[in-house]
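All values below come from the heavy atoms of this structure, side chains included, with hydrogens, waters and symmetry mates left out. Counting starts at 1 for both ligands and their atoms, following the listed order.
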Amino acid sequence: MIGTGYVGLVSGVCFSDLGNTVYCVDKDKKKINLLNSGKVPIYEPGLEEILKKNFKQKRLIFTTDLKSAVTSSDIIFICVGTPTKKKGNSADLKYVFQVANEIKKYIKKYKIVITKSTVPITTGDKIEKVLLNLKRKKLVDIVSNPEFLREGEAIRDFIYPDRVVIGTDSNKANKILKSLYLPIIKKTSRYFNTSRRGAELIKYASNAFLATKISYINELANLCEKTEVDIKDVSFGMGLDQRIGDRFLRAGPAYGGSCFPKDTRAIVDTANNFKTNLSIVKSVIKSNDQRKLLLTKRVEKLLKGKIKNKNITFLGVTFKPNTDDMREASSLYMIPQLHKKGAKIKYFDPSGLKKDFSSLKNVKFCKDISSACLKSDLIIIHTEWNEFKLINFKKVVKKNKFIIYDMRNIYTPSKITNSGIKYFGIGR
Ligand code: UDX
């Protein structure tokens with residue numbers, strides 16, 4: 001595994017747990033030292049235990065030595081980052097090509113080189129050009145095997161994926177990869193062999209579709225708010241239709257994370273390069289951006305426009321629960337905006353303090369729910385961590401009048417309003 005970021009580390013650890021010897025390579029010495037001391041640099045439930053077990057059994061090797069890792073391996077997964085370029089919307093592939101150029105020197109016998117990072121359609125073709133000499137000598141096959149892991153659920157997603165997609169027209173590579181994935185695909189999931197370009201596109205198409213589903217339900221939630229319909233009922237009723245499915249129909253703040261925002265931008269960019277207008281995905285990106293503004297305005301409205309010196313509590317600031325990841329979290333927009341308007345903000349997140357807010361004078365991290373909620377005027381449930389689901393608000397706020405804005409609809413409105421608390425949700 002080249003790159004010990006989210007995808008590389010989780011996949012590496014899980015592959016070793018299936019009995020393979022896995023070399024996890026990274027240029028970052030600090031990270032490798034940390035991993036060699038049995039610590040995990042990312043927050044992912046369950047990962048540390050599996051890592052330690054396989055590390056002890058010497059099936060998992062963390063190293064900065066790319067040469068020895070490549071020469072010792074039959075299969076090479078490229079798992080480096082593909083962030084959005086600083087200028088424009090396309091995915092920055094410089095790390096992917098750096099890896100391709102480096103490994104080229106060390107391949108002396110047949111190996112499969114796989115992109116697991118999310119890469120735009122035709123990236124495999126470009127890697128093949130870099131490795132053309134080796135390809136001609138039949139020393140490599142370049143394959144696309146996109147990863148569909150969700151943060152916070154990564155181990156389960158790896159062991160029980162809905163599908164394993166392998167993009168290659170090489171029978172040899174396909175056979176080897178099928179046997180690598182056999183322990184996983186035995187358990188109900190599907191193994192799908194398609195073209196390399198097809199596999200590359202499946203990944204982007206899937207993420208853009210899921211983002212579309214979320215934006216769709218979020219816009220419907222706006223309509224529900226005006227028509228006194230509960231969006232949860234709408235999601236449930238829609239989801240009963242198996243053609244639609246009930247997952248990813250939870251209305252909430254703008255979607256965030258390391259994938260949806262980046263991948264929707266990148267697929268539009270790729271399509272533009274091929275002179276194809278993905279107007280639906282373009283609208284989704286716009287709708288999601290506007291949602292951050294819309295919900296911030298709603299917060300102001302709940303406080304009747306009087307933000308200055310109001311005590312606002314954020315419960316959860318990450319883009320989703322069970323992760324410490326702040327990438328493109330909507331709190332990154334909301335908190336500075338409300339702070340600018342004079343609000344005094346306290347926040348608690350089970351994954352700890354966030355340096356993103358450290359320069360904001362009146363934004364304070366609290367070590368628990370009670371201290372974050374004490375004397376608050378407005379409590380915003382921004383991320384649906386489990387520990388926020390059964391709070392006795394009156395007890396922790398210690399104040400008569402306060403408002404709850406449940407952006408994840410984790411509470412039943414009547415239960416809260418019956419206890420005399422003002423409650424607002426999303427689309428209800
Ligand atoms: C996503 C894809 O699900 C995964 O397959 C891919 O490999 C990487 O990108 P991830 O970013 O970890 O995974 O999180 P996900 O659970 O998909 O949530 C993304 C965002 O959508 C979060 O902000 C989440 O809160 C939001 N979301 C999700 C909703 O608002 N409503 C939903 O119904 C589902």
Side-chain angles (χ1 to χ4, degrees), residues 5-11 42-45 47 79 81-83 91 115-119 145-158 160-165 189 199-200 202-221 231-232 234-236 238-239 244-267 284-285 287-289 291-292 294-295 316-334 349 351 381-385 388 406-410 425-427:
Y6 214 89
V7 168
L9 188 60
V10 173
S11 311
I42 53 171
Y43 183 105
E44 183 60 41
L47 187 62
C79 305
T82 53
T115 50
K116 217 173 201 0
S117 313
T118 304
V119 291
N145 169 216
E147 190 46 73
F148 300 100
L149 302 177
R150 282 167 303 164
E151 291 187 19
E153 324 259 352
I155 309 280
R156 202 183 46 195
D157 281 353
F158 186 90
Y160 303 103
D162 287 335
R163 76 293 210 195
V164 171
V165 176
S189 50
E200 288 168 344
I202 285 169
K203 168 72 192 200
Y204 278 105
S206 302
N207 274 356
F209 184 76
L210 292 169
T212 305
K213 226 175 157 184
I214 298 168
S215 292
Y216 180 70
I217 207 71
N218 281 344
E219 288 198 355
L220 281 182
I231 191 68
K232 273 193 139 176
V234 177
S235 300
F236 185 74
M238 283 172 67
I244 297 172
D246 59 357
R247 296 173 74 191
F248 279 68
L249 280 182
R250 281 177 284 118
Y255 61 74
S258 62
C259 291
F260 288 173
K262 162 177 86 75
D263 293 350
T264 43
R265 287 193 290 263
I267 194 176
V284 167
I285 297 170
S287 170
N288 198 57
D289 284 342
R291 188 144 190 88
K292 296 176 193 166
L294 193 91
L295 293 203
V317 289
T318 50
F319 82 98
K320 64 182 255 183
N322 299 322
T323 177
D324 58 356
D325 202 336
M326 286 296 288
R327 279 176 286 180
E328 311 238 12
S330 56
S331 63
L332 289 175
Y333 175 82
M334 288 179 190
D349 192 283
S351 69
I381 301 169
H382 174 273
T383 317
E384 69 278 33
W385 289 84
F388 301 154
D406 177 4
M407 290 188 179
R408 301 288 182 166
N409 289 344
I410 58 177
I426 296 279

Problem set entry | Identity and separation of the nearest protein heavy atom to atom 13 (O) of ligand 1 | Arg150 CG, 3.5 Å

Problem set entry | Atoms of ligand 1 close to Glu147 [distance to a heavy atom under 4.0 angstrom, numbered from 1] | 7 (O)

Problem set entry | Part of Arg408 with heavy atoms under 4.0 Å of ligand 1, whether side chain, backbone, both or neither | side chain

For this session: Identify the protein heavy atom lying closest to atom 5 (O) of ligand 1, giving its residue, its atom name and the separation to 0.1 Å.
Result: Phe148 O, 2.8 Å

Exercise. Can you tell me if Cys259 has a non-hydrogen atom under 4.0 Å from ligand 1?
Worked result: yes

Problem set entry | side-chain contact (heavy atoms from CB on, under 4.5 Å) assessment of Thr118 paired with Tyr204 | CA-CA 8 Å; Thr118 304; Tyr204 278 105; 3.5 Å; yes

Seminar exercise, completed: To atom 2 (C) of ligand 1, the nearest of Phe260, Phe248, Tyr255 on a heavy-atom basis is Phe260

Exercise. With a cut-off of 4.0 Å, which atoms of ligand 1 are near a heavy atom of Glu151?
Worked result: 12 (O)

For this session: Write out the residue and atom name of the closest protein heavy atom to atom 33 (O) of ligand 1, then the distance separating them to 0.1 Å.
Result: Arg250 N, 2.9 Å

For this session: Check Thr318 against Asp325 and note the closest heavy-atom contact, atom names and distance.
Result: CB-O, 3.5 Å

Problem set entry | Numbering as shown, the atoms of ligand 1 that approach Lys203 to under 4.0 Å (heavy-atom distance) | 6 (C), 7 (O)

Exercise. Taking the side chain as C-beta and beyond, is there a heavy-atom pair between Glu328 and Phe260 under 4.5 Å?
Worked result: no

Exercise. Any N or O of Pro253 that comes nearer than 3.5 Å to an N or O of ligand 1?
Worked result: no

Problem set entry | atom 6 (C) of ligand 1 [closest protein heavy-atom partner, distance rounded to 0.1 Å] | Leu149 O, 3.3 Å

Exercise. Can you find a heavy atom in the side chain of Leu210 that is under 4.5 Å from one in the side chain of Phe148?
Worked result: no

Exercise. Looking at Pro161 and Phe158, what are the two nearest heavy atoms and their distance?
Worked result: CD-O, 3.3 Å

Exercise. Do any N/O atoms on Gly252 end up under 3.5 angstrom from N/O atoms on ligand 1?
Worked result: no

Exercise. What are the two closest non-hydrogen atoms of Trp385 and Thr323, and how far apart are they?
Worked result: CZ2-O, 3.3 Å

Problem set entry | Minimum side-chain heavy-atom gap Thr82-Lys262 below 4.5 Å | yes

Exercise. If you measure every N/O of Glu384 against every N/O of ligand 1, is any gap under 3.5 Å?
Worked result: no

For this session: Note the single closest protein heavy atom to atom 30 (O) of ligand 1, along with its residue, its atom name and the distance in Å.
Result: Ile214 CG2, 3.5 Å

Exercise. Please state which protein non-hydrogen atom is closest to atom 11 (O) of ligand 1 and give its distance, to 0.1 Å?
Worked result: Phe319 CE1, 3.6 Å

Problem set entry | Subset of ligand 1 atoms that lie under 4.0 Å from at least one heavy atom of Lys320 | 10 (P), 12 (O), 14 (O), 15 (P), 16 (O)

Exercise. Considering residues, nucleotides and ligands other than Phe209, do more than 12 of their heavy atoms fall under 6.0 Å from its CZ?
Worked result: no

Problem set entry | Any N or O of Ser258 closer than 3.5 Å to N or O of ligand 1 | no

Exercise. With side chains defined as the heavy atoms from C-beta onward, is the minimum distance between Arg327 and Pro83 less than 4.5 Å?
Worked result: no

Exercise. So among Leu249, Asp246, Asn409, Ile244, which one has a side chain to side chain contact (heavy atoms under 4.5 Å, CB included) with Ser235?
Worked result: Leu249

Exercise. Mind checking whether Lys213 has a heavy atom under 4.0 Å from ligand 1?
Worked result: no

Exercise. Quick one: does Glu151's side chain get under 4.5 Å of Ile42's, heavy atoms only?
Worked result: no

For this session: Could you list the atoms of ligand 1 found under 4.0 angstrom from a heavy atom of Leu249?
Result: 33 (O)

Exercise. So, for Gly316 and Asp349, which heavy atoms are closest and what is the spacing to 0.1 Å?
Worked result: CA-OD2, 3.3 Å

